[in-house]
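The sequence lines fix the lettering, A, B, ..., with proteins before strands; numbering per chain opens at 1. Just the heavy atoms: all of them, side chains too, but no hydrogens, waters or symmetry mates, feed the values below.
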Number of protein chains: 2
Amino acid sequence: MKKIKVPNAPSIRRMPSYLHKLYHMRLEGKSFVSTTELAEHMNTELIVVRKDIALVGLAGQRRIGYHINELISAINEYLGWQDTLTATLIGAGSLGTAILGFDEFSRYGLRIESVFDCDTNKIGRALRGHEIFDVATIRTRLKTAPPDIAILCVSAVTAQLVADQVIAVGIKYIWNFTNVSLTVPDYVIVQKEVLAGGFAMLAVKIKNDRSGDCLPIKE
Amino acid sequence: MKKIKVPNAPSIRRMPSYLHKLYHMRLEGKSFVSTTELAEHMNTELIVVRKDIALVGLAGQRRIGYHINELISAINEYLGWQDTLTATLIGAGSLGTAILGFDEFSRYGLRIESVFDCDTNKIGRALRGHEIFDVATIRTRLKTAPPDIAILCVSAVTAQLVADQVIAVGIKYIWNFTNVSLTVPDYVIVQKEVLAGGFAMLAVKIKNDRSGDCLPIKE
DNA sequence: TAGATTGTTAATCGATTAACAATC
DNA sequence: TAGATTGTTAATCGATTAACAATC
């Protein structure tokens, strides 16, 4: 599998939180933020925010801070979120439904264009305004204009099979919500680990907290 | 907010993937793994796996590898997954339903004991074997035996309110699936960022891939 | 023995943190 | 001017990677 080394991953993971706060501040009618404000809200150190903003390459105004609109644009550009990415959602179970209903994605430039499932009870029905298509029709339906991303919310047993199909259709990016390690060609990029990794972190935090192994530093 | 500095976070995030593979191999009747095998499956470098295993403190057998059962135990112990953590799920929407249906959690030692929602259409109905209780009854229902964790899958507008209630009940750990930055007392630990952070990473990978900014190294 | 593996120590790299300069 | 802020450079820390020793 192709490996893409993405620099500044920790900063990238923090970006959506900044955006969330910035949009909120804009709604309140504010037009400038200081790193102090952002840091307080994010519960992190000032210098972390500073470095992150330096990364997106925006100049602020000393003693005043950063223009909120400019900062929003700069972060979105840094994340590539000003260009819309299209996706197909495969698997209309509860997780798929949740993802489809995650409104923020449209703001992040992700547009889910089609939904597939293999359950005959679901096929043909509508889910949040999308008709659910038969998984068996992936090839015929997506061949002419394949979306950028396939979002996989299928069962573990069908994950590889579905991955093969979306790859055959020309999709290069897979966001894999199953916990199966997919075997894919070199040019396909798979984004993995959503739930389990998060719980692992939480469990270890709890464990350390209880045993007093960790200083009560921030997070 | 209290900050817990958890060392080896990247390793911890990889652990569930090792476990997944190990359980699979055990089902196949195997009793030993080498780091080579694990690395191949995880699509990572051998030395990464080696270091991670060293972290959980298990000795292997040269030329043979690690005993699968021992390695499973060691990882589970490292993650604190051999002790069951109890949780209450607040918000029985599609995301909450998906989490409730994530079978792996029981294997990871997370037991969701109760489910709450504020929707009168849902209250009193059953969801995957759990009766949905009225959010308004959180205090009375959980006061006597509060679970360890509150899993928040509520709307952004009610997130803080619900957080206050679960804290009042004595819950110390919150797994926050909303994208709201909660204000909580110092002794409460919040685990945040699930979806948006993941998409930020994927978007940047795609952006870098398209612009050719990154060498095609692995991931 | 040779080779595959674990085990260990050192080197590198990158992210975080600290310190301080610049400026409005 | 003083102080709050951005901007920049250096120091520290920790994770990854490399190199090699040990051993069955």
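Annotation: cation-pi geometry not satisfied between B:Arg111 and B:Phe105 (NZ/CZ under 6.0 angstrom from ring centroid, within 45° of ring axis).
When atom types are taken as modelled, the side chain of A:Arg128 and the backbone of A:Thr97 share a donor-acceptor pair closer than 3.5 angstrom. Between the side chain of A:Ser34 and the main chain of A:Glu37, a donor-acceptor pair closer than 3.5 Å is present. Side chain of A:Ser73 to main chain of A:Asn69: a donor-acceptor pair is present (N/O by atom type, distance under 3.5 Å, no hydrogens or angles).
For the pair B:Lys51 and B:Val33, both in contact range of DNA chain C, the more 5′-proximal nearest nucleotide belongs to B:Val33. Residue-to-nucleotide proximity on DNA chain D shows that, of B:Pro10 and A:Gly65, the 5′-proximal contact is made by A:Gly65. Residue order along DNA chain D, read from the 5' end via each residue's closest nucleotide, puts A:Arg63 first among A:Leu46 and A:Arg63. Heavy-atom distances to DNA chain C give each of B:Ala59 and A:Ile47 a nearest nucleotide, and the one nearer the 5′ end belongs to B:Ala59.
Listed by first then second residue, pairs satisfying salt bridge (charged side-chain N to carboxylate O under 4.0 Å, His left out) with a partner in residues 51-75 of chain A read A:Arg14-A:Asp52, not counting sequence neighbours.
No side-chain heavy atom of A:Asn43 sits under 4.5 Å from any side-chain heavy atom of B:Ser181.
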Next on the checklist: Dot-bracket for DNA chain C, please. Rules: Watson-Crick or G-U, both distances under 3.5 Å, ( ) within the strand, [ ] when a pair crosses earlier ones, | for another strand, . otherwise.
Outcome noted: ..||||||||||||||||||||||
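The nucleotide range of DNA chain C contacted by chain B, defined by atoms under 4.0 angstrom from heavy atoms of the protein and reported 5' to 3', is C:dG3 to C:dT9.
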Next on the checklist: Using the rule given for side chain to side chain contact (heavy atoms under 4.5 Å, CB included), can you reason through B:Asp164 versus B:Gln160, listing the C-alpha separation, both sets of side-chain angles and the distance that settles it, and then say yes or no?
Outcome noted: CA-CA 6 Å; B:Asp164 293 342; B:Gln160 182 63 54; 2.9 Å; yes
Checklist entry - Can you check side chain to side chain donor-acceptor pair (under 3.5 Å) on A:Thr88 and A:Ser114, steps first, answer last? => result CA-CA 5 Å; A:Thr88 181; A:Ser114 56; 2.8 Å; yes
